[in-house]
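In this text the structure is predicted, and so the values were computed from the model without any measurement. Scope of the values below: all heavy atoms of this structure, side chains included, with no hydrogens, waters or symmetry mates. Counting convention: from 1, in listed order, for ligands and their atoms alike. Residues: numbered from 1 along the sequence shown.
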Amino acid sequence: MARLVTEWVKVTSDISIIAHESGEVWFHTPSGTKEAIDPFATPMTGAGAAGSTVGLLDGAINLGFAGIEKRIARPDPTLVGYTVALVGAYHTSVDTPRNLHRAARRFEELGRPEVVAYLEERAREETGHDRLALKDLRALGLPAERLVSNFIPEGIKPLCKRFDDLCVQDYPIGCIGYSYCLERIAALKQKTDVEEVQALCPDGVDATRFLRSHSSLGSEASHVEETIAFVASLPANDRIKVVQETYESALIMAEGYNHELLKSKAEMLEELRQVVGEALPYRLSSCASHGEKRGARPAA
Ligand SMILES: [Fe+2]
Ligand SMILES: [Fe+2]
């Protein structure tokens with residue numbers, strides 16, 4: 001019987017993620033282990049397998065989000081928070097095809113047709129997702145174009161910058177880790193999450209196009225599956241870089257969530273009011289008066 005695969009990646013100076021093809025994942029701190037007897041002290045070199053690769057990727061996300069409080073990670077949704085999240089969703093989608101094409105061109109130069117094919121396919125699949133967010137904002141009665149051209153939520157900026165930077169690197173394999181992180185988190189959203197947001201929207205308004213397509217109801221779940229299979233097929237050095245970047249992206253995302261989610265509804269409304277420069281639709285403005293609960297649901 002073939003031996004099950006074990007994969008490992010060092011993601012911080014003292015933490016490695018170890019994943020077994022059977023699904024077991026653990027965090028390994030080498031302190032106290034003599035390097036000579038620590039089998040995980042040197043980078044892995046073997047082939048990957050879907051079962052262990054997904055353990056590394058999801059382990060990296062869990063580790064990156066370990067610092068965020070559960071209460072903050074799953075706050076009660078509010079319409080104003082959802083609006084800010086939609087603006088963030090627009091910004092994290094608008095440059096995705098261009099960035100992925102850019103990374104694909106680099107892999108073409110490097111003679112890696114399989115990576116080119118994967119990135120080109122992803123670029124095609126992600127095309128037009130920014131427009132879903134714009135349609136949702138419009139459906140809420142907002143001047144969508146003005147809103148997104150004048151406003152990037154603070155917590156989203158570092159995330160957008162990270163992706164831009166990754167895609168122009170000499171060896172841009174890390175962009176796959178970034179995309180995995182965002183898509184995996186989106187795919188965790190369930191039908192009930194969509195229904196909760198739908199319930200906040202005015203009757204007859206469909207403002208959940210982006211959310212539906214970036215949830216377990218839409219294409220995100222299959223994107224995640226495809227990425228796991230593709231990453232598992234990569235050489236060990238690439239898998240290491242992808243997992244390390246998944247961790248870095250998760251850290252940036254968690255920090256961004258913390259930043260956005262700690263704002264009160266009134267603060268978020270004021271931010272929107274200033275950008276829009278006119279009275280906000282009644283439904284949005286009125287939601288500030290129902291108590292002063294903090295928090296918005298993370299990116300739509
Ligand atoms: Fe998307
Ligand atoms: Fe996607």
Side-chain angles (χ1 to χ4, degrees), residues 50 53-54 57-58 60-61 64 82-104 115-139 144 147-148 152-153 155-164 166-167 172-191 193-194 197 206-234 242-243 245-246 249-250 252-253 256-257 260 297-300:
T53 299
V54 68
L57 291 165
D58 289 352
I61 293 177
Y82 179 64
T83 303
V84 172
L86 274 175
V87 177
Y90 168 85
H91 287 291
T92 54
S93 327
V94 66
D95 294 327
T96 303
R98 183 203 65 186
N99 279 343
L100 291 173
H101 282 305
R102 199 173 268 172
V115 185
V116 176
Y118 168 81
L119 293 174
E120 297 284 8
E121 171 75 15
R122 307 319 315 280
R124 264 193 302 279
E125 285 169 350
E126 295 302 323
T127 300
H129 286 187
D130 54 323
R131 288 201 293 276
L132 296 177
L134 286 176
K135 279 186 185 168
D136 289 339
L137 288 166
R138 253 180 247 130
L147 193 53
V148 298
I152 305 184
I156 292 294
K157 279 183 194 168
L159 209 51
C160 296
K161 183 176 180 328
R162 185 75 179 185
F163 194 44
D164 290 349
L166 285 169
C167 291
I173 200 83
C175 71
I176 298 174
Y178 169 98
S179 300
Y180 181 82
C181 180
L182 264 68
E183 295 197 311
R184 180 73 178 99
I185 287 170
L188 292 174
K189 296 191 178 108
Q190 301 298 312
K191 191 165 176 254
D193 296 307
V194 177
V197 172
D206 176 14
T208 57
R209 295 168 182 87
F210 186 97
L211 179 58
R212 289 198 306 268
S213 99
H214 295 80
S215 72
S216 61
L217 305 179
S219 49
E220 229 49 337
S222 62
H223 293 177
V224 166
E225 290 306 317
E226 286 159 19
T227 299
I228 293 164
F230 179 69
V231 175
S233 75
L234 289 170
V242 169
V243 171
E245 184 49 45
T246 303
S249 296
I252 294 172
M253 206 169 166
Y257 278 4
E260 289 303 318
R297 187 165 293 278

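Within the 3.5 Å criterion, the main-chain N or O of E220 finds no donor-acceptor partner in the side chain of H214. Judged purely by atom type and a 3.5 angstrom limit, D206 uses its side chain to pair as donor or acceptor with the backbone of T208. The backbone N or O of F210 lies less than 3.5 Å from a partner atom in the side chain of D136, making a donor-acceptor pair.
Its N, O or S atom nearest to the Fe ion (ligand 2) is what matters here, and for H223 that atom is ND1. When distances from the Fe ion (ligand 2) to the N, O or S atoms of E126 are compared, OE2 comes out shortest. Per residue E183, closest N, O or S atom to the Fe ion (ligand 2): atom name OE2.
In summary, the side chains of T227 and R184 do not present any donor paired with an acceptor at a separation below 3.5 Å, with no hydrogens or angles considered.
We find that D95 and R102 are not joined by a salt bridge, their nearest charged nitrogen and carboxylate oxygen being 4.0 Å or further apart.
Angle ND1(H129) to the Fe ion (ligand 1) to NE2(H214): 90° [nearest 10 degrees].
Not a single N/O/S atom of E220, whether from backbone or side chain, sits less than 2.8 Å from the Fe ion (ligand 1).
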